[in-house]
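Heavy-atom basis, side chains included; hydrogens, waters and symmetry copies ignored.
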Amino acid sequence: MRAAGRSVRARLRDRIAASDPGLLRLTAGLRTVGAIALTLAVLALLGADVHLLVAGAMAAMVATFAIREKQLGAQAVTLALGLPVALVSVTLGAVLNARMYVGDVFFVVLIFCAVYGRRFGDRGTALGLIGFQVYFLSLFVGAEVSALPRLCGAIAVAFCSSALLRFAVVPATPTGVLLRLRLAFRARLAQLVSAQLDLLDAAPDEMDKALEAVREGTARLHETAMMIQAQLEDGTPDESAARLVQRRIADAEIAAERLGLLLLTSRSAERADTLTLHLPGAPAPSVGQPAVPDETTATLRRDLQALRALVLRAGSGDSGTALAHVRNRLLGYRDEENLPPAPAAVQDVFRGIGEAARSVLGLRIALDGPQDESDDTPATARSREELDAEDAAIDGGEESAEEQETGLRRPTTRAAVQVAVGSTLAIAGGELLSTQRWYWAVLTCWIVFLNTASTGEILVKGYRRLLGTVFGVVAGIILAGLVGQHTWTAFALVLVLIFAMFYVAPLSYTLMSFFVTAMLGLLYTLLHTYSLDVLLLRVEETALGAACGVIAAALVLPVRTDRRTNELLGTVLDRLAEVTEAAVGQLSGGAADELLDKARDLDQALADLRAATQPLTHPVTPLRARRHTARYVVALLETCAYHARTLAATAELLPTHPSIAADPRLRGAAGRTVRNIETIAARVADEHAAARVETGPSIASLLGSDAGTPRYGRITDRVLRHLERLDEAVVGLARPLGVPVAEPRA
């Protein structure tokens with residue numbers, strides 16, 4: 001019974017870790033709700049009225065979510081600076097509340113300063129957010145000068161409560177966050193292996209569904225790897241340790257993605273296209289069952305289940321003989337003589353399982369330290385020796401500084417001017433709708449500019465906020481009717497809605513807006529200002545604020561979505577060319593480079609592009625052809641990034657891996673691919689560029705590759721396959737991007 005209980009708890013832990021990597025959303029929700037609850041408890045004991053309770057709750061929420069630094073010391077400094085900023089802001093709000101024009105002008109100036117403050121990093125962003133939100137708080141509760149001492153006291157209590165929850169009750173250190181992200185990576189890796197197992201067993205009519213699950217699992221694993229990358233600098237003791245974890249995470253991610261592609265190929269009538277794993281909605285290739293003995297299929301299924309168990313138990317401290325036996329068997333597939341009799345495509349899957357098991361072993365050593373080696377087989381010992389040699393070669397590198405834009409070209413300055421203009425329009429229009437609650441329009445205008453960089457992104461965010469607000473009004477009406485005048489019941493529901501708001505915020509902005517609006521309905525009830533007209537006015541003000549934001553973004557220093565995506569596309573292509581050229585150079589015998597850093601820079605640039613194309617790929621966009629083109633281009637770039645990342649990881653093995661030797665011919669063979677990437681980048685930057693994409697013989701033929709060479713017998717053959725797929729994907733980019741393709745030379 002106890003073992004069963006531990007198993008259930010372990011499965012529940014893994015499920016939670018996979019759904020919320022690092023428990024970041026859970027931690028944010030608990031910390032915010034705890035700070036609000038503590039503030040309400042203290043203020044209630046002090047006999048505060050409902051207005052002060054609402055003000056304290058809102059201040060606690062702001063003081064908690066505004067701070068984004070990773071180190072606790074930096075968080076403490078920002079929180080300490082935030083309290084006087086909040087007190088000054090609420091004081092000015094109370095003083096200027098009765099002076100309409102002066103107050104409006106100050107509000108616009110405050111908004112400009114708050115947005116401009118983002119250029120000073122997380123601290124500037126936090127202080128600007130606190131200043132704006134607390135000024136808004138003063139308008140919401142109708143702050144008066146006579147009530148300022150009590151209101152300032154409530155805000156001080158809120159900040160103290162936030163500090164207590166942040167530093168004592170629900171602390172989040174970089175080391176702790178990184179540890180939880182590592183657990184999430186393992187859980188998501190196990191989920192991906194489960195999806196691959198389902199792909200193996202899927203019937204022909206279920207292949208599309210199974211492939212979509214593998215596609216989603218691959219994307220979620222990559223997302224977690226990127227989150228770990230962002231925490232490595234602060235969450236590890238030194239740069240060598242950070243690079244070791246980075247290397248092992250990259251190995252595991254690449255091995256898992258390769259295994260999925262090999263499985264798909266083994267189920268297909270022909271070799272599967274890598275693009276199929278990256279293009280959402282792409283149909284599964286036609287299924288052709290190879291003549292595989294039933295016992296071989298059963299062995300393959302058993303080994304995938306064993307790989308999943310190995311992943312899940314890698315961080316449990318279990319070092320028993322059963323786990324060692326499973327590990328040794330899977331690692332044995334890296335040797336040709338241990339492969340079962342089967343078609344070449346199926347044998348490749350077994351090899352892929354062996355490589356995945358090796359990556360899990362490396363991940364365990366990097367994260368958990370040295371392991372018991374008493375049960376090692378020769379294959380396992382060889383894998384350990386390779387990993388040890390790689391670890392010894394890992395060293396830190398220096399990062400190059402990027403050029404910064406200045407003046408109105410600087411994003412923070414441009415956004416500050418845009419939001420100031422938009423807020424001026426929102427104030428003017430909002431006061432025409434209501435002289436009492438015009439600030440809702442300003443709040444919406446402010447919010448649609450947060451974390452957006454183009455007119456299209458602002459339009460999509462405004463649409464999502466309006467949609468969430470409309471449904472939130474309906475929920476607010478229902479909840480207000482159920483709660484009535486029961487103050488503490490209403491506050492309890494407010495806490496539930498706030499937790500839900502923070503938990504879903506990274507997943508759905510529409511849902512977050514829904515919970516915010518429903519919560520406001522309860523707050524209006526507590527302030528005895530609730531009515532159906534008030535909530536409908538909220539919808540009108542939200543629509544007005546979103547419209548003002550879009551107008552300001554479109555007319556004042558506009559950044560069109562096309563321009564933004566082209567800039568980011570050019571950055572992705574530049575990073576892709578850098579990674580490819582550096583990896584091929586090292587594989588050709590050139591000097592070592594910081595390849596994994598370059599590969600992660602490519603991944604980050606691609607993530608930025610993916611986010612910027614949301615206005616083009618949104619379901620409501622009327623330009624269907626453009627939507628499909630954007631999705632196809634991003635999927636092709638993800639395919640290119642996968643191959644480039646794999647080449648980089650292989651190149652970094654070159655100095656230490658006994659089975660990898662430099663091949664000078666690779667540099668010349670891959671030169672065409674690099675030139676094609678640079679040609680496409682030049683065409684994206686200047687549509688009048690006349691260069692053409694080159695085509696010609698396959699890269700393998702350029703090297704005179706022997707078709708009889710074992711498929712995985714030489715690492716060079718694997719490098720050639722990735723170079724060929726990368727070359728094909730780069731040429732494939734030319735058509736949707738309008739780049740002419742030169743005819744092959746005769």
Side-chain angles (χ1 to χ4, degrees), residues 274-275 278-280 400 402-405 409 411 414 452-457 460 557-584 598-618 621 623-645 647 670-695 723 725-743:
T274 316
L275 177 64
H278 300 114
L279 181 60
S400 58
E402 295 186 358
E403 181 181 353
Q404 298 293 328
E405 295 179 329
R409 295 178 59 194
R414 182 175 59 244
T452 54
S454 70
T455 306
E457 291 178 67
V460 169
L557 305 174
V559 177
R560 294 175 56 84
T561 302
D562 287 346
R563 173 186 158 193
R564 169 71 173 165
T565 54
N566 281 347
E567 289 176 352
L568 293 174
L569 176 57
T571 301
V572 172
L573 291 169
D574 290 341
R575 299 287 185 271
L576 179 62
E578 290 174 5
V579 174
T580 305
E581 188 170 24
V584 171
K598 291 180 182 294
R600 285 309 179 191
D601 288 342
L602 168 62
D603 288 336
Q604 186 57 59
L606 186 53
D608 293 340
L609 175 64
R610 193 183 303 111
T613 57
Q614 284 188 2
L616 304 178
T617 58
H618 196 276
T621 181
L623 305 174
R624 299 296 179 184
R626 201 173 172 198
R627 174 188 174 190
H628 293 312
T629 298
R631 292 176 63 184
Y632 183 72
V633 168
V634 171
L636 270 174
L637 288 170
E638 288 176 341
T639 296
C640 292
Y642 161 67
H643 292 298
R645 192 187 313 129
L647 288 171
R672 183 182 69 199
T673 303
V674 175
R675 289 194 300 273
N676 283 342
I677 297 172
E678 293 171 343
T679 296
I680 297 173
R683 183 60 180 255
V684 169
D686 179 9
E687 63 181 11
H688 301 295
R692 293 172 175 265
V693 166
E694 304 173 28
T695 58
L723 281 174
R725 298 294 178 267
L726 178 59
D727 187 62
E728 293 166 1
V730 170
V731 173
L733 276 171
R735 181 181 58 81
L737 294 177
V739 183
V741 179
E743 294 295 329

Minimal heavy-atom distance between L576 and A644, with the atoms involved, is CD1-CB, 3.7 Å

Might you point out which heavy atoms bring Y632 and G732 nearest each other, and give the distance in Å? CE2-O, 4.4 Å

Could you tell me whether the side chain of L723 reaches within less than 4.5 Å of the side chain of T673, counting heavy atoms only? no

Charged N to carboxylate O below 4.0 Å: is that the case for D603 and R600? yes

For A682, check side-chain contact (heavy atoms from CB on, under 4.5 Å) against everything at least two apart and list the hits. none

Considering residues at least two apart in sequence or located in another chain, which fulfil the side-chain contact (heavy atoms from CB on, under 4.5 Å) criterion with P740? R683, R692

Side-chain heavy-atom pair V674, V584 within 4.5 angstrom cut-off: no

Could you list all the salt bridge (charged side-chain N to carboxylate O under 4.0 Å, His left out) pairs where at least one residue sits in residues 727-739, not counting sequence neighbours? R672-D727, R725-E728

Under the side-chain contact (heavy atoms from CB on, under 4.5 Å) test, which residues partner D608, sequence neighbours left out? L568, Q604

To the nearest 0.5 Å, atom CG of D562 lies from atom CG of L569 at 11.5 Å

Do T695 and V741 touch side chain to side chain, with heavy atoms closer than 4.5 Å? yes

Excluding sequence neighbours, so at least two apart, what forms side chain to side chain donor-acceptor pair (under 3.5 Å) with R563? E567

Close side-chain approach of R645 and V579, heavy atoms under 4.5 Å: no

Non-neighbouring partners of E457 that pass side-chain contact (heavy atoms from CB on, under 4.5 Å), sequence neighbours left out: T452, A453, S454, R564, A612, P615

Minimum side-chain heavy-atom gap L573-L733 below 4.5 Å: yes

Can you sort out the partners of R631 under side chain to side chain donor-acceptor pair (under 3.5 Å), two or more places apart, ordered by chain and number? none

Can you tell me how far the CZ atom of R575 sits from the CG atom of L606, to the nearest 0.5 Å? 12.0 Å

In Å and rounded to the nearest 0.5 Å, what is the OG1 to CG distance from T571 to D601? 11.0 Å

Given side chains that start at C-beta, do those of L602 and V572 come closer than 4.5 Å, heavy atoms only? yes

Ignoring hydrogens and angles, tell me if any N or O in the side chain of N566 forms a donor-acceptor pair with the backbone of V684 under 3.5 Å. no

For H278, give me all partners under ring-ring contact (aromatic ring centres under 6.0 Å, His included), at least two apart in sequence or on another chain. none

What are the two closest non-hydrogen atoms of A729 and T639, and how far apart are they? CB-CG2, 4.3 Å

Quick one: pull up OG1 in T580 and CG in L726 and give me the separation to the nearest 0.5 Å. 5.0 Å

